[in-house]
Amino acid sequence: MKKALVAGATGYLGRYVVKEFKKQGYWVRAITRNAEQLKNLSEYIDEIVIGEVTDVGFVREICKDIDIVFSSIGITKQKDNLTYLDVDYQGNKNLLEDAQKEGASKFIYVSVFNAEKMKKLKGIQAKLKFTGALKSSGLEYAIVNPNGFYSDMLDYLNMAKQGRGFVFGTGENRMNPIHGKDLAEICVKAADGNEKEINIGGPDVLTHNEILAYAFESYGKTKKISRIPIWIRNAILTTLRKLTSVKTYGPLEFFMTVLAMEMVAPTYGKLHLKDFFLENKDNV
Ligand SMILES: NC(=O)c1ccc[n+]([C@@H]2O[C@H](COP(=O)([O-])OP(=O)(O)OC[C@H]3O[C@@H](n4cnc5c(N)ncnc54)[C@H](OP(=O)(O)O)[C@@H]3O)[C@@H](O)[C@H]2O)c1
């Protein structure tokens with residue numbers, strides 16, 4: 001039986017990846033900083049290891065007997081006293097070094113779609129630094145570059161619930177966000193595939209206006225959309241970068257950047273945003 005290590009198992013994507021590895025017949029080891037967070041995944045996990053990937057001592061031998069190392073570790077909304085370089089780069093690098101030492105056969109890493117176009121952003125720089133290390137490591141690898149996740153589309157649902165949605169510019173830029181379950185299928189398939197870089201998005205290519213329209217529809221409300229001119233977005237970003245720390249402006253600059261550009265990735269999946277909104281409209 002093949003063995004997989006899942007780093008990021010407590011996250012939106014990682015939880016689906018744990019289930020998908022188990023579904024595909026893998027023995028699964030999952031990393032967490034807090035065992036409580038994996039309680040409702042226990043039937044899919046064979047071994048839980050508790051610790052910080054940023055701690056080299058903890059990571060030592062974590063890949064022992066493992067064939068496939070998967071990592072979706074990265075700072076999204078976490079407010080620990082750690083930087084993108086500490087986590088997205090060094091945390092993953094620690095895992096990579098142990099994977100090499102322990103003889104794992106492949107490392108699957110989740111980066112971001114269009115990362116090269118956003119390399120001015122701090123979070124992206126750390127991810128690209130890690131993918132650089134992965135590519136030159138000599139280990140077999142696959143880098144999955146997904147478009148936005150459905151979990152982040154909940155912000156649109158929230159705006160609709162509050163009664164007003166906001167878009168940058170005309171709101172006509174397009175994206176195809178993806179459900180964690182569909183993306184997990186791609187991540188686990190990468191274990192047996194030959195593709196080194198996989199750009200991927202969900203089944204529906206939508207403008208931001210269309211996404212908001214779906215969100216309002218979920219509540220049966222008439223849509224109200226305000227357009228924020230791009231120059232205002234730029235001014236907000238400049239101010240945030242000057243007045244706040246990277247912990248605050250990092251996630252915001254990422255979202256404000258992807259929401260203001262065309263983000264259409266190759267399409268995949270069966271799970272539609274409209275249905276996701278209907279399922280989650282009472283949870284925001
Ligand atoms: N969300 C999107 O739209 C999107 C789009 C493209 C790519 N991505 C990237 O895909 C990856 C996964 O995203 P996600 O939405 O699943 O994120 P998420 O829900 O925040 O999960 C991130 C995972 O990383 C772990 N992590 C964060 N900081 C850590 C630290 N200091 N030490 C150990 N573990 C740490 C988290 O553990 P804890 O639960 O303990 O915090 C969690 O398991 C991220 O790198 C993200 O940038 C996201």
Side-chain angles (χ1 to χ4, degrees), residues 5-20 30-41 45 48-56 58-59 62 70-95 108-118 121-131 134 143-156 175-184 186-187 197-202 211 247 250-259 261 263 265 268 273 276:
L5 172 72
V6 180
T10 55
Y12 171 70
L13 173 60
R15 305 182 84 83
Y16 287 107
V17 168
V18 162
K19 290 184 184 171
E20 185 62 22
I31 303 178
T32 181
R33 301 192 276 178
N34 173 0
E36 271 295 294
Q37 284 188 283
L38 291 180
K39 231 169 62 185
N40 56 6
L41 281 182
I45 298 174
I48 293 180
V49 278
I50 304 165
E52 296 270 358
V53 288
T54 45
D55 171 2
V56 182
F58 164 68
V59 172
I62 206 159
F70 167 87
S71 177
S72 55
I73 291 252
I75 296 180
T76 56
K77 292 172 182 164
Q78 289 82 2
K79 293 268 183 266
D80 311 304
N81 259 336
L82 294 166
T83 64
Y84 290 115
L85 275 180
D86 293 332
V87 179
D88 294 63
Y89 172 65
Q90 194 60 53
N92 283 305
K93 181 93 177 332
N94 293 342
L95 285 174
I108 301 167
Y109 172 65
V110 179
S111 181
V112 170
F113 179 59
N114 269 344
E116 284 293 333
K117 292 188 182 164
M118 298 187 277
L121 310 187
K122 292 280 183 225
I124 300 293
Q125 285 166 5
K127 281 181 163 51
L128 288 172
K129 190 166 178 190
F130 176 67
T131 52
L134 182 57
I143 298 166
V144 180
N145 298 315
N147 214 331
F149 298 173
Y150 279 9
S151 51
D152 283 329
M153 298 298 115
L154 292 174
D155 288 341
Y156 285 82
M175 70 181 302
N176 55 327
I178 185 163
H179 194 293
K181 189 167 187 289
D182 282 335
L183 180 54
I186 290 286
C187 293
E197 295 246 9
I198 303 164
N199 294 325
I200 201 77
I211 295 174
K247 256 188 296 179
L252 288 169
E253 74 171 355
F254 174 70
F255 289 113
M256 289 171 85
T257 301
V258 293
L259 297 185
M261 64 194 268
M263 290 281 283
Y268 178 82
L273 187 61
F276 177 79

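Because only heavy atoms are used, hydrogens play no part in the values below, and waters and symmetry mates are left out as well, while side chains stay in. Counting starts at 1 for both ligands and their atoms, following the listed order.
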Please assess Lys127 against Asn92 for the test side chain to side chain donor-acceptor pair (under 3.5 Å), listing each intermediate value before the final yes or no. CA-CA 9 Å; Lys127 281 181 163 51; Asn92 283 305; over 6 Å; no
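The heavy-atom pair separating Val110 from Pro146 by the smallest distance is CG1-CG, 3.8 Å.
Using the six-membered ring where Trp is involved, His179 and Phe276 have ring planes that are perpendicular, over 60° apart on the 30 and 60° scheme.
Taking a cutoff of 4.0 Å between a charged side-chain nitrogen and a carboxylate oxygen, Asp152 and Lys77 qualify as a salt bridge.
Every residue two or more places apart in sequence or in another chain was checked for a side-chain hydrogen bond (donor to acceptor under 3.5 Å, both in side chains) with Tyr89, and none qualifies.
One N or O on the side chain of Gln78 and one on the backbone of Thr76 form a donor-acceptor pair closer than 3.5 Å.
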Write out each pair where an N or O from ligand 1 and one from the protein are under 3.5 Å apart, with the distance.
{"from": "ligand 1", "atom 1": "1 (N)", "to": "Asp152", "atom 2": "OD2", "distance (Å)": "2.6"}
{"from": "ligand 1", "atom 1": "3 (O)", "to": "Phe149", "atom 2": "N", "distance (Å)": "2.9"}
{"from": "ligand 1", "atom 1": "3 (O)", "to": "Asp152", "atom 2": "OD2", "distance (Å)": "2.6"}
{"from": "ligand 1", "atom 1": "16 (O)", "to": "Tyr12", "atom 2": "N", "distance (Å)": "3.3"}
{"from": "ligand 1", "atom 1": "16 (O)", "to": "Leu13", "atom 2": "N", "distance (Å)": "3.0"}
{"from": "ligand 1", "atom 1": "19 (O)", "to": "Tyr12", "atom 2": "N", "distance (Å)": "2.8"}
{"from": "ligand 1", "atom 1": "20 (O)", "to": "Thr76", "atom 2": "OG1", "distance (Å)": "2.5"}
{"from": "ligand 1", "atom 1": "20 (O)", "to": "Gln78", "atom 2": "NE2", "distance (Å)": "3.1"}
{"from": "ligand 1", "atom 1": "24 (O)", "to": "Gly74", "atom 2": "N", "distance (Å)": "3.4"}
{"from": "ligand 1", "atom 1": "31 (N)", "to": "Arg33", "atom 2": "NH1", "distance (Å)": "3.3"}
{"from": "ligand 1", "atom 1": "32 (N)", "to": "Glu52", "atom 2": "OE1", "distance (Å)": "3.4"}
{"from": "ligand 1", "atom 1": "37 (O)", "to": "Thr10", "atom 2": "OG1", "distance (Å)": "3.2"}
{"from": "ligand 1", "atom 1": "39 (O)", "to": "Thr10", "atom 2": "OG1", "distance (Å)": "2.5"}
{"from": "ligand 1", "atom 1": "40 (O)", "to": "Arg33", "atom 2": "NE", "distance (Å)": "2.9"}
{"from": "ligand 1", "atom 1": "40 (O)", "to": "Arg33", "atom 2": "NH2", "distance (Å)": "3.4"}
{"from": "ligand 1", "atom 1": "41 (O)", "to": "Arg33", "atom 2": "NH2", "distance (Å)": "2.8"}
{"from": "ligand 1", "atom 1": "41 (O)", "to": "Gln78", "atom 2": "NE2", "distance (Å)": "3.3"}
{"from": "ligand 1", "atom 1": "43 (O)", "to": "Gly8", "atom 2": "O", "distance (Å)": "3.2"}
{"from": "ligand 1", "atom 1": "43 (O)", "to": "Thr10", "atom 2": "OG1", "distance (Å)": "2.6"}
{"from": "ligand 1", "atom 1": "43 (O)", "to": "Gly11", "atom 2": "N", "distance (Å)": "3.3"}
{"from": "ligand 1", "atom 1": "45 (O)", "to": "Lys127", "atom 2": "NZ", "distance (Å)": "3.1"}
{"from": "ligand 1", "atom 1": "47 (O)", "to": "Lys127", "atom 2": "NZ", "distance (Å)": "2.9"}

